[in-house]
Amino acid sequence: MSASFTSKFSFAFLSIGILVGFQANAQETPKPPKMVPEMTEFWEPEPRKVTPGVNNAAPSDAIVLFNGKDLSEWKAKGGSGDAKWEVKNGAFTVGKGDITTKKEFGDFQLHVEWSAPDEVKGTSQGRGNSGIFLQDRYEVQVLDSYNNRTYSNGQAGSIYKQYRPLVNAMNKPTEWNVYDIIYTAPRFKEDGSLFSPARVTVLHNGVLVQNNVDLKGPTEYIGLPEYKAHGKAPISLQDHGNPVSYRNIWIREL
Ligand code: MG
């Protein structure tokens, strides 16, 4: 059979097919059913119940990372030693090295309250510097950014050296600040290369400062970030030599 015979033969069948189909269509195709409200409703699964916290208290399904009394959920970073930051009046204050949670996390919602030192000392990165390292790698900057100019992607609410905060929502050093952080962990392929970057949303005192930004990789002080595959990891707090205080820390795994 020649190619041209086959194609003519196929064309003839196709034409007949279309014609028959067209006629059948015109006569028999049932009209789509009329939509009613129930057609776009689903009932399962039902969202489980969570009791919200009053005045920023932990919701019922949160893991409390600081209860105002002790640092039992934390340890010194880079070892198994105790976290030695001073706990006083329901808060704890930076000192004696970085600390890290004993538990590890993937995707989460994190609530952290922090206060820059009441005594205003130093300038730029030297004033009230600390940091919250998501999965021990990605820093949401903590800094006294109340009347304290520094590089924009290094001020409070920045993803350090990657994204500036959209606005400066900083409270005075004598007042507390609140961070609510929504974090999606990066995903990696089997060969260790990046499948999807980490994503972060940050509200600073209820004001959106990071809107679901794609992180470029782990925080680097010098040079460009580069992802390395990792799994669940802890939350770490930075000792930058300034007595920043923290209180009321809780996390919800997502
Ligand atoms: Mg810092």
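Counting starts at 1 for both ligands and their atoms, following the listed order.
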Worked check of ring pair (Phe, Tyr, Trp, His ring centres under 6.0 Å) between Tyr179 and His111: CA-CA 6 Å; Tyr179 277 171; His111 177 93; 9.9 Å; no
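In summary, Glu73 and Lys102 do not engage in a salt bridge, as defined by a charged side-chain N under 4.0 Å from a carboxylate O. Remark: Asp82 does not engage Lys75 in a salt bridge, criterion side-chain N to carboxylate O under 4.0 Å.
At least one N, O or S atom of Ser130 sits under 2.8 Å from the Mg ion (ligand 1). Residue Gln125: no N/O/S atom is found under 2.8 Å from the Mg ion (ligand 1).
Ring geometry, Trp74 versus Phe92: the interplanar angle falls from 30° to 60°, so the pair is classed tilted.
For the pair OE2 of Glu139 and OD1 of Asn129, the angle at the Mg ion (ligand 1) is about 170°; rounding is to 10 degrees.
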